[in-house]
**Student:** 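Questions regarding the structure given below will be posed in turn.
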Amino acid sequence: MRILQLHSNFIVFKPVQKEIAIAEEAEQKENRVEEVVVLFTAIEEGDNAAMAQKAIDDVRAFLGKLKVNRILIYPFAHLSSNLSKPSEALKVIKDMEAYAKEKGIETYRAPFGWNKQFTISIKGHPLAEQARSYAPTPEAKAEGETKKEEEPVSAALKAEDKLQSFWHIILTDGSLVPVEEFKFKGHVNLQKFSQYEIKKARAVTQMPPHVTLMKRLEIADYEAGSDPGNIRWYPKGRMIKSLLEQYVTSRMNAYGAMEVETPIMYDFNHPSLKSYLNRFPARQYVLKSEDKELFLRFAACFGQFLMAHDAQFSYKQMPIKLYELTRYSFRREKSGEVVGLKRLRAFTMPDCHAFCTDLEQAKKEFLTRFNICVEVLSNIGFTKDDYEIAMRFTKGFYDEHKDFIAELAKTFGQPMLAEVWNERFFYFILKWDINFVDNQDKAAALSTDQIDVENAKRYEITYVDEKGEKQYPLILHCSPSGAIERDIYALLEKAYRDQMAGKAPMLPLWLSPTQVRLIPISDKFMDKAEELAKQIASHRIRVDIDDNASTLQKKIREAEQEWVPYIIVIGEKEIESGTLSVRDRELKSQQQNMTADQLIAKVTEKIAGKPFKPLPLPLYISKRPQFHG
RNA sequence: GCCUCGAUAGCUCAGCCCGGUAGAGCGGCUGCCUUGUAAGCAGCAGGCCGCGGGAUCAAGGCCCGCUCGAGGCUCCA
């Protein structure tokens, strides 16, 4: 709290304009107060009622010396760069006012939240001008926290600090083995993942491989002109990202989810959002617009919950599934945590909520979605060897639903990590996440699902049951693929791992920007190359032509460095024989002889069922700009 | 956010310790070569040495601040 205290002959102030939504009511007329001690006051983060009283007590001491008993509390934000939230500030200002009146001081107050005009005449004596600053004292701080604890949400937050986790491995029969007793032989990644989760101990001194790759392959790059964690996508990267987005969305459509679209920014002071938000105090991007304070969404929950709040539905229609691909969700992660495509401040997340009548329905749906998530990751290009699963639940939940956990474990067919809590700290009773373990032995969550038992109430979302009574549903929160950017991170890290193991690194065929590269041996064969390109492209295959004036060997080298899956050289032999010599990256670039039709059939089969986008760059390589050295 | 380290041509990096006219390779452009499965040859252009301040006759190099990045800590709904 900062106070500028001025002993004045008089002050005249006039509210001009409301600055914020929660501004107090006030008349736009001049107010004049004579012979008064004016307190220009800024309320800072952490200030509370105790501090309000202390400040007023200090002022009272001065009033005695000055022989005045009249104060004006004047909210004045400009004294601090560490202001509290307006709603908090108003509370503290009111505390000051009430306490001062209680102590018999003639107290005036300028309205909060207004742009005000003022004229002041200050007395010239030594005690007339005083500035004071109050940092939250340890006691005041503790008191503030105790106070917070009374709110249910903050209690949960505070509990999270003390949260104690017990780590186990879930065997495929659903039984739990303490992590220390599990033999990790043959489960190297699970061991790494467990280490990461439990000890969080890492020692690495290398640039994350996917960061180098995302730049070199002209997929994505940092954008220094934005905020950290806001990424620039080049044509190839945009295409890859768009295909993944399309794929996940179409899979969720097939699952029966209804796609919706909701705003990316929300009013800080909206009553339904407030208590939910309080759990995440410093994590949003905040923006001011006219008289409103808005935050950027960090998931699709807000929009979908507000929509579900207004919707009418009954048990007969449930489970009801809403889906949105958020482009973007925003989380203002701490600067030291933002890295590459792994952890961003603006990211694209598919988010599907299922509203279920009861736990039985929720469990059934949960299992369905679990299988969908594994399928989605598989289609993106990840096998069960690429990731590890963590199940998180309370001891109580496990005891009651052991069979269900066992069923999930059996479905997955591999041991999983279990984080077990003694009591529930979060709004969910069961959660799992699929984690990719990267080349620095760090883990990043991809798919996730959870059973939420709190938010229906918080958002007043209800359905009508068989008896015609309103009930709160259980809400499942699922991201089938996790953040799309993170999928690309994992694909690149996987490719790098393949490379280290002596394999040719590559993207899945359906995501390769160029699927087939044609290299005419000389200008003479350009016509033939164009003809062939036309034929291949007509089958929804991305094909391009290297028409640069360099050597054959160099063109092959460049195609290999671009991770092009099929490279075809076109010259005299091909034209005469009618068969193509295809360099197949998957087969360590061995040359395979096949006809154009055979190649088309092969590619078509491999990308069957996946979305398609045309070549993201000009057909001729010579026409392409260079986006990254 | 904190601690440590870094930022030099489009890219990768040398020069900094010990202050004195800005370097290489790749890429780009121009020309030659018309190529048979991972780098053909030559020439040319290209720099606010991240931004701002300071000390110095003189700063890419020393000092301070900032921005961005990397690692660690913390965090990860």
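Below, chains carry the letters A, B, ... as their sequence lines are ordered, and counting in each starts from 1. The structure presented is a predicted model; accordingly, all values stated were derived computationally and were not measured.
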**Student:** Where the side chain of Phe298(A) is concerned, which of rG27(B), rG69(B), rA77(B) is the nearest nucleotide?
**Tutor:**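 Nearest to the side chain of Phe298(A) among the choices is rA77(B).
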**Student:** In the strands shown, is rG40(B) matched to any nucleotide by a Watson-Crick or G-U wobble pair with both distances under 3.5 Å, and which?
**Tutor:**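 rG40(B) is paired with rC32(B).
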**Student:** Between rG1(B), rA70(B), rA77(B), which nucleotide has the shortest distance from any of its atoms to the side chain of Lys431(A)?
**Tutor:**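 Closest nucleotide to the Lys431(A) side chain: rA77(B).
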**Student:** Name the pairing partner of rC68(B), where a pair is Watson-Crick or G-U wobble with both distances under 3.5 Å, or state none.
**Tutor:**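 WC or wobble partner is rG6(B).
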**Student:** Rounding to an integer number of Å, can you tell me how far Phe436(A) CZ sits from rC76(B) C1'?
**Tutor:**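 For the pair Phe436(A) CZ and rC76(B) C1', the rounded distance is 18 Å.
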**Student:** When the P atoms of rA9(B) and rG52(B) are compared, how many Å lie between them, rounded to an integer?
**Tutor:**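 Each nucleotide's P atom is 16 Å from the other's.
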**Student:** More 5' along RNA chain B: Gly336(A) or Lys555(A), using each one's nearest nucleotide?
**Tutor:** Gly336(A)
**Student:** When you compare rG19(B) with rG60(B), how far apart are their P atoms, in angstrom units rounded to a whole number?
**Tutor:**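 After rounding to an integer number of Å, I get 14 Å for this pair.
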**Student:** Taking atom C1' in both rU8(B) and rC2(B), compute the distance separating them and give it to the nearest angstrom.
**Tutor:**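 Rounded to whole Å, the distance is 29 Å.
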**Student:** Classify the glycosidic conformation of rG6(B) as syn or anti, calling it syn when the angle lies within 90° of 0.
**Tutor:**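 Classified anti.
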**Student:** May I ask you to check whether Tyr328(A) and Tyr285(A) place their ring centers less than 6.0 Å from one another?
**Tutor:** no
**Student:** Under the criterion salt bridge (Lys or Arg N to Asp or Glu O under 4.0 Å), which of Lys588(A), Arg585(A), Lys554(A) is the partner of Glu560(A)?
**Tutor:** Arg585(A)
**Student:** Tell me the interatomic distance from Glu223(A), atom CD, to rU67(B), atom C1', rounded to whole angstroms.
**Tutor:** 14 Å
**Student:** Looking only at N and O atoms, is any donor in the side chain of Arg331(A) or the base of rC75(B) less than 3.5 Å from an acceptor on the other one?
**Tutor:** no
**Student:** Check the distance between rC76(B)'s P and Leu446(A)'s CG and give it to me in whole angstrom.
**Tutor:**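 Atom-to-atom, Leu446(A) to rC76(B), this comes out as 18 Å.
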**Student:** Could you state the atom-to-atom distance from NE2 of His210(A) to C1' of rA70(B) in whole Å?
**Tutor:**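 Roughly 12 Å, once rounded to whole Å.
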**Student:** May I ask you to decide if the ring planes of Phe355(A) and His353(A) are parallel, tilted or perpendicular, using 30° and 60° as cut-offs?
**Tutor:** tilted
**Student:** Rounded to whole angstrom, note down the C1' distance from rA39(B) over to rG27(B).
**Tutor:** 12 Å
**Student:** Just name whichever nucleotide pairs with rG20(B), Watson-Crick or G-U, keeping both distances under 3.5 Å, else none.
**Tutor:**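 Across all strands, the one nucleotide that pairs with rG20(B) is rC57(B).
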**Student:** How does protein reach along nucleotides 36-52 of chain B, written 5' to 3' as B (base within reach of a heavy atom under 4.0 Å), S (only sugar-phosphate), or - (no contact)?
**Tutor:** BBBBB------------
**Student:** For rG72(B), does OP1 or OP2 lie under 4.0 Å from any side-chain N or O of Lys442(A)?
**Tutor:** yes
**Student:** Quick one: side chain to side chain contact (heavy atoms under 4.5 Å, CB included) partners of Ile541(A), sequence neighbours excluded?
**Tutor:**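 Scan of Ile541(A) (side chain to side chain contact (heavy atoms under 4.5 Å, CB included), adjacent residues dropped) gives Gln515(A), Val516(A), Ile536(A), His539(A), Ile600(A), Val603(A), Thr604(A).
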**Student:** Could you tell me whether Arg343(A) contacts a base, only the sugar-phosphate backbone, or nothing, with contacts defined as non-hydrogen atoms closer than 4.0 Å?
**Tutor:** base
**Student:** Go ahead and name the base partner of rC49(B); Watson-Crick or wobble counts if both distances stay under 3.5 Å, otherwise write none.
**Tutor:** none
**Student:** Grab the two heavy atoms, one from Glu261(A) and one from Met307(A), that are nearest each other, plus how far apart they are.
**Tutor:** O-CE, 4.3 Å
**Student:** Taking the nucleotide of RNA chain B with the closest heavy atom to each, which residue, Gln450(A) or Gly229(A), is nearer the 5' end?
**Tutor:** Gly229(A)
**Student:** Assign the ring pair Tyr398(A) / Phe393(A) to parallel, tilted or perpendicular, where the plane angle (0 to 90°) is split at 30° and 60°.
**Tutor:** parallel
**Student:** Do you know which of Tyr427(A), Trp432(A), Phe428(A) makes ring pair (Phe, Tyr, Trp, His ring centres under 6.0 Å) with His477(A)?
**Tutor:** Tyr427(A)
**Student:** Do Lys602(A) and Asp584(A) meet the salt-bridge criterion of a basic N to acidic O distance under 4.0 Å?
**Tutor:** yes
**Student:** Atom CD of Gln284(A) to atom P of rA77(B): distance rounded to whole Å?
**Tutor:**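 Rounding to the nearest Å, CD of Gln284(A) and P of rA77(B) are 15 Å apart.
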**Student:** Looking only at the side chain of Pro208(A) (C-beta and beyond, no hydrogens), which of the listed nucleotides rG71(B), rU35(B), rG28(B) gets closest?
**Tutor:** rG71(B)
**Student:** Looking only at side chains, do His210(A) and Glu493(A) share a donor and an acceptor under 3.5 Å apart?
**Tutor:** yes
**Student:** Select one nucleotide: of rG71(B), rG1(B), rU35(B), the one nearest the side-chain heavy atoms of Ser335(A).
**Tutor:**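 Given the options rG71(B), rG1(B), rU35(B), the side chain of Ser335(A) is closest to rG1(B).
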**Student:** Can you tell me, in whole Å, how much space there is between the P of rG10(B) and that of rG54(B)?
**Tutor:**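 It works out to 28 Å between them.
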**Student:** Roughly how many Å apart are rA7(B) and rA14(B), using the C1' atom of each and rounding to a whole number?
**Tutor:**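 My reading of the C1' atoms in rA14(B) and rA7(B) gives 15 Å.
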**Student:** Which whole number of Å gives the distance between the P atom of rG6(B) and that of rC18(B)?
**Tutor:** 15 Å
**Student:** Please measure how far the P atom in rG53(B) lies from the corresponding atom in rG15(B), and state the result in whole Å.
**Tutor:** 28 Å
